[in-house]
S.K.: 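Once you've had a glance at the structure underneath, I'll fire off some questions.
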Amino acid sequence: MIVNWFLVAVMSVSYTQQTTNLYIFTDPSFKSSEQCIEFVKQPENGQMIAWKLKNEFPLQTMQNVYCVPENEMEKILEKSKPAQKELNI
C-alpha cells in the first residue's frame, strides 16, 4: 500500500486564544518521508513554506515542520480539534 506523506507546520501558541495552530500542506504530497524531508531542505521551498504560513498566521511564528504519513493525519486532526466548552446555566 502506498502511503502519501504531508507537511504539517506547527505554529507558536496564540496568546489571545491560548491555542496552537496547525497548517497541513496537501500540495505537494510525497511518496516517502525522505522525499518530504528533501523538499523541506531546499531553500526555495523553505521560503515558500514560510511565506504561506506568514500569510495564514501573521501574528505567529512557525515552531516546527513535520513530515507526517497520511494514516497518522486522522490522529493529528482529532487531537487538534478545539476543546468543547461547558455551559453553566
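When reading the values below, keep in mind they use all heavy atoms of this one structure, side chains included, and skip hydrogens, waters and symmetry mates.
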S.K.: If you count the non-hydrogen atoms of other residues, nucleotides and ligands that lie under 6.0 Å from CD in Glu74, is the total more than 12?
M.R.: no
S.K.: Please give me the minimum heavy-atom distance between Leu53 and Met62, naming the atom from each residue.
M.R.: CD1-SD, 3.5 Å
S.K.: In sequence, state the C-alpha distance, the side-chain angles, and the governing distance for Leu22 and Met11, and then conclude on side-chain contact (heavy atoms from CB on, under 4.5 Å).
M.R.: CA-CA 6 Å; Leu22 300 177; Met11 304 306 290; over 6 Å; no
S.K.: Between the main-chain N or O of Phe39 and the side-chain N or O of Asn45, is there a donor-acceptor pair closer than 3.5 Å?
M.R.: yes
S.K.: Is the ring centre of Phe30 less than 6.0 Å from the ring centre of Phe6?
M.R.: no
S.K.: For Cys67 and Ser33, work out which heavy atoms get closest and say how close.
M.R.: SG-O, 4.5 Å
S.K.: Would you sort out whether Tyr66 and Leu7 count as a side-chain contact (heavy atoms from CB on, under 4.5 Å), showing the intermediate values?
M.R.: CA-CA 6 Å; Tyr66 298 96; Leu7 288 174; over 6 Å; no
S.K.: To the nearest 0.5 Å, what is the distance between OG (Ser12) and CG (Leu59)?
M.R.: 9.5 Å
S.K.: Would you say Met48 and Tyr23 are hydrophobically clustered, going by side-chain heavy atoms of ILVMFWY under 4.5 Å?
M.R.: yes
S.K.: Nearest 0.5 Å please: distance from the CD atom of Glu44 over to the CD atom of Gln47.
M.R.: 7.5 Å
S.K.: OG/Ser29 to CD/Gln35 distance, rounded to the nearest 0.5 angstrom?
M.R.: 8.0 Å
S.K.: Determine whether Lys31 and Asn4 make a side-chain contact, defined as any pair of heavy atoms from C-beta on separated by less than 4.5 Å.
M.R.: yes
S.K.: Pick from Gln60, Lys52, Lys54: which one makes a side-chain hydrogen bond (donor to acceptor under 3.5 Å, both in side chains) with Glu56?
M.R.: Lys52
